[in-house]
Structure formats: structure tokens, C-alpha cells
Amino acid sequence: TRWSNFQQGSEFTFDMITYDVPENDACVDTLPIESLPYQANGTTLGALADFDQHGCGAYADANGVWYDYTPTENRMLTASVDSNHRFRVYTGGGCDELECLKNLAASNTFLVASNVRYWFLVTRWSNFQHGSEFTFKVITYDVPENDACVDTLPIESLPYQANGTTLGALADFDQHGCGAYADANGVWYDYTPTENRMLTASVDSGHYLRVYDG
């Protein structure tokens, strides 16, 4: 029809095309991520609906493609996708046992556990958007040497200055402690003074610190 009933009829050209279904369109045909860092060029063009009902924030007619990864050790992992796509993360032993872990945006960093299988569903930002090509990346980080309390770096003398990183640090508590959330990822230092003193400790770059004794 015309855009409006108030418009006069006219000639038009009608086109119809179809697309190949991507090889990893279905969960059962997921593409395994064998090692990290990982980068793959994919497409949601031609992808079919993935759910009979809503799942992990994905509508029933969300058209996406699948990847999966099973880490061999606990690590912080960053996954990202471009070109107006986003991804969701699931865990589970198989496609019939998926549990939503994270309904994420285009990039996020989160903790993965050893020998747990993670499933990534890449879709367009909106169900109203046409499928298109994208680049999907997954990277991980080395765990800092002083990531755990038992591996704290001793401060031998003052003044003290150290360049450190929390990139790759794992969660430090099973529950909240000293204002730190259970999933707070930090690194450790310790100091034992030989006399009573006032002490100033500081950290920059958007970090903060907590002090414990014991």
C-alpha cells in the first residue's frame, strides 16, 4: 500500500532476498573458544530466533549467534563486541540447562571459574535492527602476584612507593568485609612498624584502600 490512505496510488518495485544461516546460529552449534586472547569476525545476518520465551533479557525473537568457553583456572575475563551488537553470558552443562549469568552491553569484565562452561549469545542491540557483521573479542589477564592475602607484598621500610595493578585481580572475600563487596577485586600489601607513629597511605587512579590488623 501507499504510506498514507490520503496518497494517490503509484507504481513501485518489490524486492525480496534471503540470507544464509550462520554456522553458530543455534546453541547446539556454538563455536568453541579454544584459547585466549580470542577474536572472531561474525554476523547476525540470517540468524534465527534463539528462545521460545524471554531469556536473560533477550526477547523471544532475538536473533543471535553462539560462542562458548571453558577456562582452566579462575581468571578475570573481558568480552566485547562492536557494530551495534551486545552479548549475554550463560552458564550450564548444555543448551537445555542454561542459566543467565550476565545480561551485558557491548563490553564487560567479570570473573570466570575453572572448569565452568560459559556461553555467549551475541545479538543486535534491538530486535528492530537488521542483522549485520561484528567482531567479538575475549581476553584475560595475568593474576597479580599479590592478588591473595597470603601473597601480600611486605613493605620493608618507609617512605614506600610501588606501581601496582588490579587488572586481573580476583575477588577477595566470600562476603562483605570492611566495606568491600564480596566481588571486590584487589591486591595486598602489609607493614609492621617498630614504633608508634602516624602514617599516611594513599592510592591514585580511581582506586581506594582498606586497612586491616591481625
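- One distance of note links OG1 of T140 with CG of L77; it measures 5.5 Å at 0.5 Å rounding.
- Under the ring pair (Phe, Tyr, Trp, His ring centres under 6.0 Å) criterion, F136 pairs with Y67, F120, not counting sequence neighbours.
- Following chains of ILVMFWY side-chain contacts shorter than 4.5 Å, one can reach F110 starting from V81, so the two form part of one hydrophobic cluster.
- Neither side chain, S80 nor S107, offers a donor N or O lying under 3.5 Å from an acceptor on the other.
- Judged purely by atom type and a 3.5 angstrom limit, R75 uses its side chain to pair as donor or acceptor with the backbone of Y141.
- With values rounded to the nearest 0.5 angstrom, K102 atom NZ is found 9.5 Å from F87 atom CZ.
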Q | Residue pair T123, R88: steps toward the side chain to side chain contact (heavy atoms under 4.5 Å, CB included) verdict | A | CA-CA 8 Å; T123 68; R88 297 166 178 88; 3.0 Å; yes
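- The 12-atom threshold is exceeded at CD of E195, counting heavy atoms of other residues, nucleotides or ligands nearer than 6.0 Å.
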Q: Please report the C-alpha distance between L101 and Y118 in whole Å, then the side-chain angles of each, then the deciding distance to 0.1 Å, and finally whether the side chain to side chain contact (heavy atoms under 4.5 Å, CB included) criterion is met.
A: CA-CA 9 Å; L101 179 65; Y118 295 86; 3.6 Å; yes
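- For W119 (side chain) and G92 (main-chain N/O), a donor-acceptor pair under 3.5 Å exists by modelled atom type.
- If you take CD1 on I139 and OG1 on T78, they are separated by 5.0 Å, rounding to the nearest 0.5 Å.
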Q. Stepwise, does the side chain to side chain contact (heavy atoms under 4.5 Å, CB included) test hold for W66 with D29?
A. CA-CA 7 Å; W66 292 84; D29 296 318; over 6 Å; no
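- The distance from the CG atom of D172 to the SG atom of C149 is 8.5 Å, given to the nearest 0.5 Å.
- By the rule that hydrophobic residues join a cluster once side-chain heavy atoms approach within less than 4.5 Å of another member, V112 and V116 end up as members of one cluster.
- Under the 4.5 Å side-chain contact rule for hydrophobic residues, Y191 and V203 do not share a cluster.
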Considering only distance and modelled atom types, tabulate donor-acceptor pairs under 3.5 Å from the side chains of residues 155-169, sequence neighbours left out.
{"residue": "T165", "atom": "OG1", "partner": "L167", "partner atom": "N", "Å": "2.9"}
{"residue": "T166", "atom": "OG1", "partner": "H207", "partner atom": "NE2", "Å": "2.9"}

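- The closest side-chain donor-acceptor pair between N24 and T30, if any, does not fall under 3.5 angstrom.
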Q | Residue pair N185, M76: steps toward the side chain to side chain contact (heavy atoms under 4.5 Å, CB included) verdict | A | CA-CA 9 Å; N185 307 321; M76 295 302 295; 3.4 Å; yes
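- Remark: side-chain polar atoms of D147 are not paired, donor with acceptor, to backbone N or O of V187 under 3.5 angstrom.
- In this structure, R124 contributes its side chain and H85 its backbone to no donor-acceptor pair below 3.5 Å.
- Residue F12 qualifies as open at atom CZ: its count of foreign heavy atoms under 6.0 Å is 12 or below.
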